[in-house]
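Written out below as structure tokens is the structure these notes cover.
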Amino acid sequence: MTKFRFEYRPYQRKFRQPLKTHHGIWVVREGILVRLEDESGRVGFGEIAPLEWFGSESIGDAIAFCRNAPETIDFEWIRSISFPACQFGFETALESPLNPSRVGDFEEQRHSGLLGKVEDWELLWGQRYRTFKVKIAVAPIEIEIATVESLLNELPEGAILRLDANMGLNEIETHQWLEFCDSYNIEFIEQPMPVDQFETMLKLSQQYRTSIALDESVASLEQLRDCYDRGWRGIFVIKPAIAGFPSKLREFCQQNQIDTVFSTVFETAIGRQMGLQLAAELSKRAVGYGTNHWFDELNSEDFEKLWNSF
Ligand SMILES: [Mg+2]
């Protein structure tokens, strides 16, 4: 069986402006780069980018896992990993080195850009973004609806807007937003309510024209499968970096033909590459990986360079 020499490097990446969501304020993205080298000297890079408040392992768990891992590993060892972000990181390193012929396809992908301030849309429009995402449920609803309404009036024709509540709405507020969205053309509202409100979201998803996308509810492949089995036929937001082994995710999506949006956890180009590849294979919607404008550091697309920037 092929053996790989394993090395890892933890990183920290400061947000240019702290990211405010209903989960709180995020200042520094911490993750781990993984490097595997086989006996013939071929190198593959992977990335472990946990999101603890979505239910993945913590960064501390992931670092401890890497620290305790042997220097030489094989497929069997990788298949036995139980942490989802680590599963993604190691299997990604196996699937690279990059096949450069596939990179061109990604440039054809449509991207969604996350707006820190609604005024940022012009900047992103200039970078050829046509889909924008705004975080809601961080300020009083009346203020947010007014802000989104004025944004919609400003956006040029052809622009598409998504909203993400990160579980921050109650049922009445979700009705309010959905009613508002139905009178405009909003692509979807992401995770309006907490994970335990599944039945309510299911009911609401059949009541309005505007789609609801589950995100926090489907962070792991297990949860994804569970929501599908319980009847969810709306949109699924998939964050591959915390969804476990890419091979298993691919299999599930192909078997069930679900409607998906692939989305970032603010990883570097190493994790993003795999996410974009999966999105190109499995999704028709604009991908949510437009996040480089959130960072000054570790923005390189060159994996060797990223690895050597510590
Ligand atoms: Mg979300």
Side-chain angles (χ1 to χ4, degrees), residues 15 17-26 29 49-56 84-85 88 110-118 120 124 129 131-139 141 144 148 151 160-170 173-174 177-178 181 186-198 200-202 204-205 210-221 223-224 226-228 232 234-244 249 253 258-267 271-272 275-276 278-279 282-283 285-291 293-294:
F15 284 88
Q17 60 179 93
L19 175 62
K20 255 194 241 167
T21 76
H22 188 73
H23 296 288
I25 294 178
W26 199 2
R29 190 334 145 225
L51 210 56
E52 201 182 351
W53 54 91
F54 267 66
S56 86
F88 174 86
R110 287 170 301 122
H111 287 261
S112 157
L114 175 60
L115 300 177
K117 306 183 291 294
V118 287
D120 291 348
L124 293 183
Y129 286 94
T131 302
F132 303 96
K133 176 158 139 177
V134 174
K135 295 281 188 186
I136 58 169
V138 284
I141 188 164
E144 289 189 334
V148 169
L151 172 64
I160 296 169
L161 191 62
R162 326 175 147 167
L163 305 174
D164 188 358
N166 288 110
M167 319 195 289
L169 304 176
N170 60 32
E173 290 166 334
T174 306
W177 270 113
L178 284 166
C181 291
I186 303 281
E187 188 184 8
F188 56 76
I189 297 189
E190 208 168 302
Q191 195 78 36
M193 301 171 72
V195 175
D196 62 5
Q197 299 296 305
F198 177 82
T200 309
M201 289 189 283
L202 184 62
L204 290 170
S205 74
T210 305
S211 300
I212 296 179
L214 295 183
D215 184 7
E216 279 86 342
S217 291
V218 294
S220 69
L221 185 55
Q223 287 172 296
L224 184 65
D226 183 54
C227 288
Y228 181 79
W232 189 263
I235 302 166
F236 296 84
V237 178
I238 295 179
K239 294 172 154 53
I242 56 165
L249 177 66
C253 293
I258 55 175
D259 186 354
T260 54
V261 175
F262 280 71
S263 174
T264 185
V265 294
F266 296 91
E267 59 279 76
R272 183 168 64 235
L276 291 177
L278 289 165
L282 304 168
S283 177
R285 292 180 186 270
V287 292
Y289 278 91
T291 54
H293 61 289
W294 284 83

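Whatever order the structure lists them in is the order used to number ligands and atoms, beginning at 1.
- Of the N and O atoms on the side chains of S217 and Q191, at least one donor lies less than 3.5 Å from an acceptor on the other residue.
- Taking the Mg ion (ligand 1) as reference, D215 places its N/O/S atom OD2 nearest.
- Classified by interplanar angle (parallel below 30°, tilted 30° to 60°, perpendicular above 60°), the ring pair F266/W294 is perpendicular.
- Among the atoms of E216, no N, O or S atom is found under 2.8 Å from the Mg ion (ligand 1).
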Query raised in the report: W177 and T210: side chain to side chain contact (heavy atoms under 4.5 Å, CB included), yes or no, with the steps?
Result: CA-CA 10 Å; W177 270 113; T210 305; over 6 Å; no
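- Nearest to the Mg ion (ligand 1), among the N, O or S atoms that E190 has, is OE2.
- Looking only at N/O/S atoms, D164 comes nearest to the Mg ion (ligand 1) through OD2.
- Across P240 and Y289, no two heavy atoms sit closer than the pair CD-OH, 3.2 Å.
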